[in-house]
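Report on the following structure.
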Amino acid sequence: YRVRRMIAVGIDPSLTSTGVAVLVDGKPELYQRYGRDGHNGATYTTRSRRVRRVIREVTQAALAGGVPDVFVIEEHPYAVGNQGNEFDRAAVWHGIFGNMDARDIPGVVVNNSTGKSWVTGAGRADKSEVIAVVEEWYGITLDDWKKLHRGDVADALGYATMGAYKLGDPLPFEPKERHRTALLTLPWPKIATVR
């Protein structure tokens, strides 16, 4: 008989560049970014369509490997004011989370500094440090035509790896104590409480 595949998804949500990573049995099946640049003065119709398009593309990508066992999404930053149009950014976050929840896919929300610390050992690590660790883990090179959004995909891979770790999937590195302790207080679903 065939053993069921374990699927962990990581999502780093953004209006212009949402990173999505899908790990199947601990191996990358998809890692990509989705989103579009906007412009000042866009109509509500244009903004709504942009938001819905990002949500749709991210949801489709998250389901690329099949129905995930868990998804890990970066917490929406609070107190960012009107920067980057907070109204639309919040809509993207809720739309993605809501689409996954509507499919009964268990989700875990992770703070950005917890994610960085889990991946690199430093909560204030910059994007280049996260990219370097994730590339080494998976033996990949994250590339983007502008090299601007590699960090979004690296973050998503980090979040997906957290989920894979909690599912008990094989990892491309030897877990350290921080990998266990940093995730203890998060509300993991029963399927992801192996570690």
Side-chain angles (χ1 to χ4, degrees), residues 3-14 17-35 57-58 61-75 96 100 105-189 191-195:
V3 177
R4 187 176 171 283
R5 304 185 324 159
M6 299 301 277
I7 302 170
V9 171
I11 303 170
D12 179 18
S14 161
S17 179
T18 293
V20 180
V22 178
L23 298 182
V24 178
D25 295 333
K27 294 184 176 64
E29 182 137 318
L30 175 143
Y31 47 97
Q32 188 58 264
R33 60 169 285 269
Y34 303 87
E57 289 176 347
V58 168
L63 300 172
V67 178
D69 296 286
V70 67
F71 75 98
V72 180
I73 186 170
E74 184 175 292
E75 179 180 53
I96 293 167
M100 301 296 277
I105 301 165
V108 178
V109 180
V110 177
N111 173 288
N112 177 265
S113 62
T114 300
K116 287 179 177 180
S117 178
W118 195 86
V119 171
T120 68
R124 293 182 181 255
D126 64 28
K127 292 277 190 186
S128 64
E129 293 172 279
V130 175
I131 291 166
V133 171
V134 168
E135 286 182 333
E136 183 181 327
W137 281 353
Y138 293 106
I140 58 176
T141 300
L142 296 176
D143 208 3
D144 182 78
W145 68 281
K146 287 183 180 175
K147 296 206 179 281
L148 292 176
H149 303 292
R150 296 180 308 148
D152 305 321
V153 178
D155 287 346
L157 276 162
Y159 295 133
T161 306
M162 286 179 185
Y165 171 73
K166 290 297 287 183
L167 291 171
D169 288 341
L171 296 178
F173 59 91
E174 188 62 40
K176 296 177 174 61
E177 182 64 14
R178 75 168 188 264
H179 295 118
R180 189 182 68 77
T181 57
L183 305 182
L184 287 176
T185 60
L186 298 174
W188 293 94
I191 194 169
T193 54
V194 173
R195 299 180 200 231

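Only heavy atoms go into these numbers, but all of them, side chains included; no hydrogens, no water, no symmetry mates. Just so it is clear, the structure is predicted and the values come from calculations on it, not from any experiment.
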Give the minimum heavy-atom separation between L167 and A8, together with the two atoms involved. CD1-CB, 4.0 Å

Distance from E135 atom CD to I140 atom CD1, nearest 0.5 Å? 6.5 Å

Go through L183 and M162 one step at a time and tell me if the side chain to side chain contact (heavy atoms under 4.5 Å, CB included) criterion holds. CA-CA 8 Å; L183 305 182; M162 286 179 185; 3.9 Å; yes

Donor-acceptor contact below 3.5 Å, side chain S117 vs main chain S113: no

On a heavy-atom basis, the closest approach of P175 and L171 is CG-CD1, 3.9 Å

In short, P68 meets M100 closest at the heavy-atom pair CG-CE, 4.2 Å

Gap separating the NZ atom of K27 from the CZ atom of R5, nearest 0.5 angstrom: 11.5 Å

P189 side chain near V70 side chain, heavy-atom distance below 4.5 Å: yes

Nearest heavy-atom approach of W118 to H179 is NE1-O, 2.9 Å

With side chain to side chain contact (heavy atoms under 4.5 Å, CB included) as the test, would you mind laying out the steps for L157 and V119 before giving the verdict? CA-CA 10 Å; L157 276 162; V119 171; over 6 Å; no

Is the shortest side-chain heavy-atom distance between F71 and I96 below 4.5 Å? no

So S17 and D12, do their side chains get closer than 4.5 Å, heavy atoms only? no

Heavy-atom distance under 4.5 Å between the side chains of V134 and T161, does that happen here? no

Can you give me the closest heavy-atom contact between V20 and L30, atom names plus distance? O-CD2, 3.8 Å

If you measure from OG1 on T120 to CD on E129, what distance do you get to the nearest 0.5 Å? 6.0 Å

Salt bridge (charged side-chain N to carboxylate O under 4.0 Å, His left out) evaluation trace for K127 with D155: CA-CA 8 Å; K127 292 277 190 186; D155 287 346; 2.7 Å; yes

Have S128 and D126 got a donor and an acceptor in their side chains that come within less than 3.5 Å? yes

Can you measure from OG1 (T18) to NE2 (H149) and round to the nearest 0.5 angstrom? 10.5 Å

Passing candidate, side-chain contact (heavy atoms from CB on, under 4.5 Å) with L23, options Y165, Y138, Y159: Y138

Is the backbone N or O of K116 less than 3.5 Å from a side-chain atom of R124, with the two atoms forming a donor-acceptor pair by type? no

Kindly give the heavy-atom pair with the smallest separation between D169 and G26, and that separation in Å. OD2-N, 3.5 Å

With the side chain counted from C-beta on, respond yes when D152 and Y34 share a heavy-atom pair under 4.5 Å apart, and no when they do not. no

What distance do L142 atom CG and R33 atom CZ have between them, rounded to the nearest 0.5 Å? 12.5 Å

